[in-house]
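Labels below follow one simple rule: chain letters A, B, ... track the order of the sequence lines, proteins then strands, and each chain is numbered from 1. Keep in mind that this is a model prediction, so the values were computed, not measured.
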Amino acid sequence: MSPPLRSSPRFAGKAAGFTLLEVLVAFVVLGFALTALYGQFFTGLRSLRGSDGLAEATRLARNRLAVTGIETALVPGEATGAFANGFTWRQTVVPYRGELALPQYGAVRPFEVTVSVTVPGAGAPAVALTELRLLPAGGPR
Amino acid sequence: MTSAPQFRERGFTLLELLVAMALLGLISTMLMGGVRFGARVWERAALQVESTGEAAALDDFLRRRLSRIDALRVETRSGRHVLFSGTRATLRFAGPAPTDSAVAGSYVYELKRAPDGSGALVLSWALREGGGYPGRLVVAPAVRRVELAYFGAPRAGVAPVWHDSWRERDSLPQLIRLRIVSEVTDEAGAYEITVAPRLASAQELGA
């Protein structure tokens with residue numbers, strides 16, 4: 001533990017008070033602590049807004065996954081695009097490499113479709129959804 | 001060193017007292033402001049969490065319902081068609097029970113504006129046979145506009161495109177798009193989902 005607080009040696013032996021300087025320093029420290037505390041509020045609000053962006057990105061990724069292969073052709077490789085509200089998507093289609101116990105219904109091949117959506121202004125994608133699609137072996141439409 | 005007499009109680013000078021009081025005032029103002037600010041943040045956060053959670057739950061429910069539409073065929077005046085009737089603003093389809101705890105069976109769902117003029121978009125359902133176990137869900141409380149669109153080929157051999165309506169067809173549409181512009185948000189904040197009914201793609205693959 002720290003030694004008992006003494007304002008200065010000059011009052012040794014008397015009831016020791018605090019000097020104005022000490023009080024000021026204490027207030028400054030308090031100010032720093034409060035600032036850090038309020039900063040947390042802002043951080044909290046920001047991450048809340050971030051969660052909204054994440055929800056929106058998930059919704060858009062699901063929309064994109066529904067559309068791909070039906071409205072737009074599913075081509076192996078990479079494709080990118082933007083939604084009307086500024087979110088961007090990136091889609092990769094690769095042949096599925098894992099083991100799959102598929103009943104042999106003629107000629108279908110499994111493809112792994114991944115859609116990732118990035119919130120405007122963010123560097124990394126907020127969400128990436130992957131789906132397995134069965135496509136005619138002749139190649140995706 | 002000090003000029004104060006050795007055995008006199010040393011008090012505060014008026015200046016020290018004034019400074020201390022001013023600082024105390026400043027600190028309490030900051031604290032009060034902080035408390036008020038904190039309360040506001042708390043309130044807003046609670047509201048936002050609630051609305052985000054509700055929107056996610058609703059989105060999930062709608063997607064589930066639309067992706068599990070049954071390709072049920074029924075006899076109509078103009079022949080035998082799939083029980084699916086979609087217009088720009090309304091939708092009627094058949095599907096499994098709305099929730100896992102509901103009575104199992106084939107249900108008929110209807111998505112349309114509430115007839116009471118409140119502007120709410122409501123999804124209602126009931127058992128197809130006899131109309132038992134009805135239920136309803138307010139999809140959006142105050143809706144300015146609902147836009148439904150259906151993607152598919154009306155006949156075999158025709159390229160699929162988006163349609164404003166899908167009625168008395170022999171198959172389900174391949175995609176259903178629902179766009180809701182509410183009274184409280186602008187066009188950019190419109191809620192839009194696109195769902196592929198699974199049975200439609202199953203028909204496609206099998207064909």
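Between the side chain of B/H81 and the backbone N or O of B/R167, no donor-acceptor pair lies under 3.5 Å. Side chain of B/R65 to main chain of B/P98: a donor-acceptor pair is present (N/O by atom type, distance under 3.5 Å, no hydrogens or angles). B/Y107 places no side-chain N or O within 3.5 Å of a backbone atom of B/P134 that could act as its donor or acceptor partner. Listed for the B/T52 side chain is a donor-acceptor partner under 3.5 Å among the backbone atoms of B/Q48. A donor-acceptor contact shorter than 3.5 Å links the side chain of B/Y150 to the backbone of B/T87. Under the 3.5 Å distance criterion, the side-chain polar atoms of A/R90 are left unmatched by any main-chain donor or acceptor of A/T114.
Neither the backbone nor the side chain of A/L65 comes within less than 4.5 Å of any heavy atom of chain B. The parts of A/R62 that come within reach of chain B are both its backbone and its side chain, each placing non-hydrogen atoms under 4.5 angstrom from that chain. Looking at A/A84, neither its backbone nor its side chain comes within 4.5 Å of chain B, counting heavy atoms on both sides. With a 4.5 Å cut-off on non-hydrogen atoms, B/I27 touches chain A through its side chain but not through its backbone. Only the side chain of B/V19 comes within contact range of chain A, with at least one heavy atom under 4.5 Å from a heavy atom of that chain. When heavy atoms are compared at a cutoff of 4.5 Å, B/A45 approaches chain A by way of both its backbone and its side chain. With a 4.5 Å cut-off on non-hydrogen atoms, B/W162 touches chain A through its side chain but not through its backbone.
Among B/E16, B/R44, B/E192, B/R177, the residue with the largest count of heavy-atom pairs under 4.5 Å with chain A is B/E192. Of the listed residues B/V195, B/L23, B/L31, the one with more heavy-atom pairs under 4.5 angstrom with chain A than any other is B/L23. Considering only heavy-atom pairs separated by less than 4.5 Å from chain B, the leading option among A/D52, A/N85, A/L20, A/L60 is A/D52.
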What verdict does the side-chain contact (heavy atoms from CB on, under 4.5 Å) test give for B/L91 and B/F84, after you've listed the backbone C-alpha separation in whole Å, the side-chain angles of each residue and the deciding distance to 0.1 Å?
CA-CA 8 Å; B/L91 178 60; B/F84 183 96; 3.4 Å; yes
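If you take CG on B/L137 and CG on B/L62, they are separated by 7.0 Å, rounding to the nearest 0.5 Å.
Residues of residues 118-125 of chain A lying under 4.5 angstrom from chain B, judged on non-hydrogen atoms, do not exist. Of all residues spanning residues 34-49 of chain A, those with a heavy atom less than 4.5 Å away from chain B's heavy atoms are A/L34, A/Y38, A/F41, A/F42, A/L45, A/L48, A/R49, arranged by number.
Contact detail for B/V143 and B/R113: the closest heavy-atom pair is O-NH1, 3.1 Å. Scanning both residues, A/I70 and B/A196, for their nearest heavy atoms gives CD1-CB, 3.7 Å.
A side-chain contact (heavy atoms from CB on, under 4.5 Å) with B/I193 is found for one member of B/I176, B/D59, B/I180 and no other, namely B/D59. A side-chain contact (heavy atoms from CB on, under 4.5 Å) with A/V117 holds for exactly one of A/N63, A/T88, A/V127, A/L54; it is A/V127.
Salt-bridge check for A/E56 with A/R59: passed, with a basic side-chain N closer than 4.0 Å to an acidic carboxylate O.
Side-chain contact between B/P160 and B/Q174 is present, with at least one heavy-atom pair separated by less than 4.5 Å.
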